[in-house]
Amino acid sequence: MRTRIVFRTVVAATLICLNIGYGERGVAAAPAAAIDATLYTRYHTDPNESIVDWNVCGSLPNSSGCYGSGSLGPFGRVGGVLEGEPKTDLHANTVTRAIYVLDSASGPNQNEVVLYVYTKVDTITTDSDTVTVTLSQTISLPLVGSTSAMTPSMAANKQFLFIGTDQSPQAVVLDKRTFSVTQLGGFSPPINVFGIFADQYGYVTLTFGPFRGGSSNKFIVAGPDGSDKEDGDGSQFMFDTVQGLLLRP
């Protein structure tokens, strides 16, 4: 049994409307397109799922094709890959983002879980994109890994990563800025993580227990700030506007 204490705060805000950012007829100006909006990054793993290859391709005002490629790893087993939010420097013409690679079979016995954080920088001109990818953080997580048919799960919002495996009764919440790690879960009796799912507003649902396990399953909803907003019985999921979810084991 888990106990939650919820504190509710009411904030009064004063809205001040300014006549800024509008055209001559009072129509809001369209935001400028991102400088890398016509570029994309493809990822591929080798048959052993120990290497992640990447390629940056697309088009620029004076060119098109592929502009950079490389490999990440080796890993024990790639359990998941996510990109972070892009940060654009218009003075340097750069776009910087993180690449998160979850190794779900790390260590000498391949039963450890490690998160590798890479920094990807695209330096963009009208003709080319110079791409660099460097390892910036290696974080051991308090989770159980395996080389077997284990199902690791990873989802994110703007501030946090949520990671779990079906070998561990607790998931971890990792702050992207400080890399501090906290845990969510801890039901009694222990129930391992089944899956982690996010929506476009930063809410994340963590489901514990076997698929379609009925009342034996549990769930937690975490908010954009990483805190526990709700928990209860049953299998619960979330959907976003990009990736479809296949509701089968």
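We number each residue from 1, following the sequence as shown.
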N/O donor-acceptor pair under 3.5 Å between Thr205 side chain and Phe197 backbone: no
Is the closest basic N to carboxylate O distance between Asp89 and Lys87 below 4.0 Å? no
Closest non-hydrogen atom pair between Met154 and Ile163, with its separation: CG-CG1, 3.9 Å
Only counting residues at least two apart or in another chain, list the ones meeting ring-ring contact (aromatic ring centres under 6.0 Å, His included) with Phe208. Phe187
Shortest non-hydrogen contact between Asp103 and Gly76, atoms and distance: OD2-N, 2.9 Å
Check whether any side-chain heavy atom of Phe237 sits under 4.5 Å from a side-chain heavy atom of Phe194, and report yes or no. yes
If you measure from the Lys or Arg side-chain nitrogens to the Asp or Glu carboxylate oxygens, is any gap between Glu85 and Lys158 under 4.0 Å? no
Verify whether one side chain among Ser227 and Asp225 offers a donor that lies under 3.5 Å from an acceptor in the other. yes
Under 3.5 Å, is there a donor-acceptor pair between the Ser235 and Asn217 side chains? yes
Calculate, to the nearest 0.5 Å, the distance between atoms CD1 and CD1 belonging to Ile220 and Ile196 respectively. 10.0 Å
Could you tell me whether the side chain of Asp199 and the main chain of Tyr201 form a donor-acceptor pair under 3.5 Å? yes
Lys218 bridged to Asp233 by N-O distance under 4.0 Å: yes
Has Arg77 got a side-chain atom pairing as donor or acceptor with Ser148's backbone, closer than 3.5 angstrom? yes
Working for side chain to side chain donor-acceptor pair (under 3.5 Å), residues Asp175 and Ser180: CA-CA 5 Å; Asp175 190 308; Ser180 61; 4.6 Å; no
Nearest 0.5 Å please: distance from the CG atom of Asp53 over to the OG atom of Ser71. 3.5 Å
